[in-house]
Amino acid sequence: MGENLSTREVIEELNRQENKAQKKNTTEAGEERKEKRVQRPKRRVCPFCMEKDEAKRPLYIDYKDTRLKKYVSESGKIFPRRQTGLCAAHQRELARAVKVAKSMGLL
C-alpha cells in the first residue's frame, strides 16, 4: 500500500483485510464449540428402578415411604424429572404418592 492509491482502493483493501480476520475468528470459535460438545455427563439411573431390579418388586411407591421428602421442596412442590433423575413411570408414581401423603397430612 506504499503506492499512490485512491481513497476507494484503500477502503476496499481495508475491507478485504477485515473480512479475512473475521473468517479466521469464526473458524476458531467453531472449533472451540466442538471441543465443548464432546464432554457430556453420564446419564443418571432411576434409584427406584435400581431397587426394583435388586428386590424384584413391582412398580409401586408407597405414600408412607420416608424418602418422599427428598423429592419435595420446602414449599411442597414436587421436583421435576430432570432434577430427581427418576424415569417417567416412577415420576408418575412418585407424584401420586406425594399427593396422597399430602392429603393425609404426612408431608
Side-chain angles (χ1 to χ4, degrees):
M1 284 181 53
E3 308 159 2
N4 291 334
L5 300 175
S6 68
T7 308
R8 177 186 280 174
E9 291 172 337
V10 171
I11 291 172
E12 288 175 0
E13 183 63 29
L14 290 173
N15 285 338
R16 279 189 222 116
Q17 290 175 359
E18 286 178 11
N19 288 339
K20 286 180 185 178
Q22 286 177 352
K23 286 180 183 177
K24 185 178 179 182
N25 289 339
T26 56
T27 57
E28 290 174 1
E31 292 172 2
E32 290 176 10
R33 282 190 222 129
K34 288 179 184 176
E35 291 175 6
K36 290 181 183 177
R37 289 182 195 163
V38 172
Q39 297 176 356
R40 286 188 177 177
K42 289 187 177 182
R43 190 172 179 102
R44 287 187 278 176
V45 180
C46 174
F48 289 109
C49 285
M50 295 290 288
E51 184 180 306
K52 182 181 84 173
D53 291 342
E54 292 171 2
K56 306 286 185 197
R57 293 186 195 163
L59 175 74
Y60 180 73
I61 299 174
D62 194 17
Y63 68 92
K64 296 175 276 187
D65 196 351
T66 57
R67 293 180 291 174
L68 293 180
K69 292 178 184 176
K70 186 169 94 172
Y71 300 105
V72 179
S73 68
E74 289 182 12
S75 59
K77 294 183 179 181
I78 303 168
F79 290 128
R81 264 184 71 195
R82 64 181 177 272
Q83 279 186 315
T84 61
L86 298 177
C87 63
H90 281 120
Q91 182 72 21
R92 285 191 297 271
E93 283 290 316
L94 174 81
R96 184 199 54 78
V98 166
K99 289 175 186 176
V100 170
K102 280 182 188 178
S103 68
M104 297 190 82
L106 299 176
L107 282 180

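Quick note: numbers below take in every heavy atom, side chains included, and nothing from hydrogens, waters or symmetry partners.
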Measure the spacing between NE2 of His90 and OG1 of Thr84 and express it to the nearest 0.5 Å.
-> 11.5 Å
Salt bridge (charged side-chain N to carboxylate O under 4.0 Å, His left out) pairs touching residues 83-107, sequence neighbours excluded, are Glu93-Arg96
Is any side-chain heavy atom of Leu14 less than 4.5 Å from a side-chain heavy atom of Gln17?
-> yes
Evaluate the side-chain proximity of Tyr71 to Val98: yes if any heavy-atom separation is below 4.5 Å, no if none is.
-> no
Set of salt bridge (Lys or Arg N to Asp or Glu O under 4.0 Å) partners for Arg16, sequence neighbours left out = Glu12, Glu13
Linked, directly or transitively: Phe79 and Ile61 (ILVMFWY side chains, under 4.5 Å) = no
Closest non-hydrogen atom pair, Cys49 against Cys87 = SG-SG, 3.6 Å
Report the distance from atom OH of Tyr63 to atom CG of Leu106, rounding to the nearest 0.5 Å.
-> 7.0 Å
Report the residue from Val100, Leu94, Ile78 that forms a side chain to side chain contact (heavy atoms under 4.5 Å, CB included) with Leu68.
-> Leu94
